[in-house]
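First the structure, in the form of structure tokens, and then the observations on it.
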Amino acid sequence: MDVMSSSLQQQRVVVDQLRREAAIERQTVSESCAKMMKYITEHEQEDYLLTGFTSQKVNPFREKSSCTVL
């Protein structure tokens, strides 16, 4: 009896999860791609891979200066 109630509980959890997934609003791929392209073109001026850094001090990936012995 305990095994049967455990199995029933697991099935209820699965059904609840499937109901939540079925309720998610879906979009077509073409609609999603259009939104992504719009976002990219609107924010391309903020993309350092496209525009570069204004100075080397702003660049977090710049080569660190080596230590010199006095």
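These numbers come from a predicted model, not from an experiment.
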For residues 20-27, tabulate all N or O donor-acceptor pairs below 3.5 Å that involve a side-chain atom, not counting sequence neighbours.
| from | atom 1 | to | atom 2 | distance (Å) |
| --- | --- | --- | --- | --- |
| Arg20 | NH2 | Gln17 | OE1 | 2.7 |
| Glu21 | OE2 | Gln17 | NE2 | 2.8 |
| Arg26 | NH2 | Glu21 | O | 2.8 |
| Gln27 | OE1 | Ser32 | OG | 3.0 |

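Side-chain contact between Met37 and Thr41 is absent, with no heavy-atom pair separated by less than 4.5 Å.
Qualifying side-chain hydrogen bond (donor to acceptor under 3.5 Å, both in side chains) partners for Ser7, counting only residues two or more places apart in sequence or in other chains: none. Legend: residues meeting salt bridge (charged side-chain N to carboxylate O under 4.0 Å, His left out) with Glu46, ordered by chain and number and at least two apart, are absent. Under the side-chain hydrogen bond (donor to acceptor under 3.5 Å, both in side chains) criterion, Thr51 pairs with no residue, sequence neighbours left out.
Pairs passing the ring pair (Phe, Tyr, Trp, His ring centres under 6.0 Å) check and including a residue from residues 5-43, sequence neighbours excluded, read Tyr39-His43.
Its side chain within the 4.5 Å cluster rule, Leu18 clusters with Val14 among the Ile, Leu, Val, Met, Phe, Trp and Tyr residues.
Cys33 contributes atom SG, which lies 15.0 Å from atom NZ of Lys38 (distance to the nearest 0.5 angstrom).
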